[in-house]
Amino acid sequence: TSAKLAANLVISSPPNVTLKELESELSKEIRSDAEVSLALSRKALAEMEIAKALSYAESAVQSMSEWAQTHLLVARSNMGWIVQSEAGMSTPSIERAELERRIESELAETMRLATAQRDIHTQVEALVLRTDLRLLQKRSEEAEADAYEAIRLDPENVQVLLALSHLHG
């Protein structure tokens, strides 16, 4: 389908092709497709366009709420606000505690769906993101538990090994 082609176009676009350029090439109808929205959300995150990343991720959840990846991208986008705030790049309009609550909620849904779908990769991504959140919250024991669960699921995952190095660094 044309939506599948559009999603692949976004995914395979080189870094020098901006989100704005991609958006201008795609119709509003195509951009609202769940797979295209997910791809655009990832592109927006890569460009630190957090509001757009969140908007596209939420659009994908509306279309395909049973996809674990849609919830993971909503959590990642909310985490983007925290990362930007921690780096002094911006101050989100949403309270930090509310951002953390949203991330926790979306990650719980991601884990529930990914476990049911036997989607190990998404489970590991969610655990790594939750490890990062727990580290920011200074909840190191819970961060360590999430990191070790991720290692158990995928012992070769570089993201997990990096998260563990932050715990024991």
Side-chain angles (χ1 to χ4, degrees), residues 6-7 9-24 26 31-65 67-114 119 121-140 142-143 146-147 150 157-167 169:
L9 170 79
V10 173
I11 291 165
S12 63
S13 67
N16 65 327
V17 175
T18 66
L19 175 65
K20 190 176 225 115
E21 290 171 313
L22 290 167
E23 288 173 323
S24 71
L26 302 172
R31 289 193 314 262
S32 68
D33 174 84
E35 286 186 62
V36 176
S37 289
L38 276 180
L40 288 168
S41 178
R42 286 186 179 99
K43 182 75 170 178
L45 275 177
E47 294 182 11
M48 295 301 283
E49 294 275 348
I50 307 303
K52 282 188 175 187
L54 185 57
S55 175
Y56 281 121
E58 288 174 340
S59 172
V61 166
Q62 293 297 318
S63 301
M64 298 299 285
S65 62
W67 282 4
Q69 279 286 318
T70 61
H71 296 279
L72 180 62
L73 261 290
V74 171
R76 256 208 192 114
S77 299
N78 279 295
M79 186 71 158
W81 287 123
I82 293 175
V83 169
Q84 279 193 341
S85 175
E86 289 277 319
M89 295 167 64
S90 71
T91 304
S93 58
I94 304 163
E95 292 283 326
R96 170 77 174 247
E98 175 60 15
L99 285 171
E100 289 178 7
R101 188 202 62 73
R102 290 178 184 188
I103 295 165
E104 297 269 0
S105 172
E106 291 297 334
L107 287 175
E109 185 63 2
T110 299
M111 290 298 294
R112 185 186 72 75
L113 291 167
D119 181 351
H121 180 74
T122 300
Q123 288 177 60
V124 169
E125 284 186 77
L127 286 164
V128 168
L129 186 59
R130 198 165 69 186
T131 298
D132 291 342
L133 177 62
R134 300 273 189 260
L135 287 171
L136 287 172
Q137 295 170 323
K138 312 252 185 289
R139 294 163 61 185
S140 58
E142 291 168 84
D146 281 341
N157 189 296
V158 173
Q159 283 184 304
V160 179
L161 297 171
L162 188 59
L164 270 177
S165 76
H166 290 135
L167 281 164

_Nearest-0.5 Å distance that lies between atom OG in Ser77 and atom CG in Leu99_ = 11.0 Å
*In sequence, state the C-alpha distance, the side-chain angles, and the governing distance for Thr70 and Gln62, and then conclude on side chain to side chain contact (heavy atoms under 4.5 Å, CB included).*
CA-CA 9 Å; Thr70 61; Gln62 293 297 318; over 6 Å; no
*Quick one: CG on Leu72 to OG1 on Thr110, what's the gap to the nearest 0.5 Å?*
5.0 Å
*OG on Ser63 to CG on Leu38, rounded to 0.5 Å*: 9.0 Å
*Ignoring hydrogens and geometry, is there a side-chain-to-backbone donor-acceptor pair from Gln159 to Glu125 under 3.5 Å?*
no
*asked:* Show the nearest heavy-atom pair for residues Ala150 and Val160, with the distance to one decimal.
replied: CB-CG2, 3.6 Å
*Do you know the tightest heavy-atom contact between Leu129 and Met79?*
CD1-CG, 3.7 Å
*Taking Ser105 for the side chain and Arg102 for the main chain, is one N or O donor matched with an acceptor at less than 3.5 Å?*
no
What donor-acceptor contacts under 3.5 angstrom involve side-chain atoms of residues 39-46, with partners at least two apart or in another chain?
residue: Ser41; atom: OG; partner: Ala53; partner atom: O; Å: 2.9
residue: Arg42; atom: NH2; partner: Gln69; partner atom: OE1; Å: 2.3
residue: Lys43; atom: NZ; partner: Ser13; partner atom: OG; Å: 3.3
residue: Lys43; atom: NZ; partner: Pro14; partner atom: O; Å: 3.2
residue: Lys43; atom: NZ; partner: Val17; partner atom: O; Å: 2.8

_Point-to-point distance, once rounded to the nearest 0.5 Å, from CD1 of Ile82 to CG of Leu133_ = 6.0 Å
*Look at Arg112 together with Glu109 and state whether they make a salt bridge at an N to O cut-off of under 4.0 Å.*
yes
*Between Leu26 and Leu9, is a side chain to side chain contact (heavy atoms under 4.5 Å, CB included) present by the stated rule, with each step listed?*
CA-CA 10 Å; Leu26 302 172; Leu9 170 79; 4.3 Å; yes
*Look up atom OH in Tyr56 and atom CD in Glu49, then write down how far apart they are to the nearest 0.5 Å.*
10.5 Å
*So, are Glu104 and Arg134 salt-bridged, with charged N and O less than 4.0 Å apart?*
yes
*Distance (rounded to the nearest 0.5 Å) between Thr131 OG1 and Leu136 CG*: 11.0 Å
*Could you go through the salt bridge (Lys or Arg N to Asp or Glu O under 4.0 Å) check for Glu23 and Lys52 one step at a time?*
CA-CA 11 Å; Glu23 288 173 323; Lys52 282 188 175 187; 2.9 Å; yes
*Which heavy atom in Gly80 sits nearest to a heavy atom in Ile50, and how many Å separate them?*
CA-CD1, 3.7 Å
*Does atom CD of Glu95 have more than 12 heavy-atom neighbours, drawn from other residues, nucleotides or ligands, at distances under 6.0 Å?*
no
*Identify the two heavy atoms, one from Ala34 and one from Trp67, that lie closest to each other, and give their separation to 0.1 Å.*
CB-CZ3, 3.9 Å
*So, does Thr122 use its side chain to make a donor-acceptor pair with the main chain of Asp119 at under 3.5 Å?*
no
*Can you name the residues that form a side chain to side chain donor-acceptor pair (under 3.5 Å) with Glu142, not counting sequence neighbours?*
Arg139
*Distance-only, no hydrogens or angles: does the Ser37 side chain make a donor-acceptor pair with backbone N or O of Arg31 under 3.5 Å?*
yes
*Under 3.5 Å, is there a donor-acceptor pair between the side chain of His71 and the main chain of Ser65?*
yes
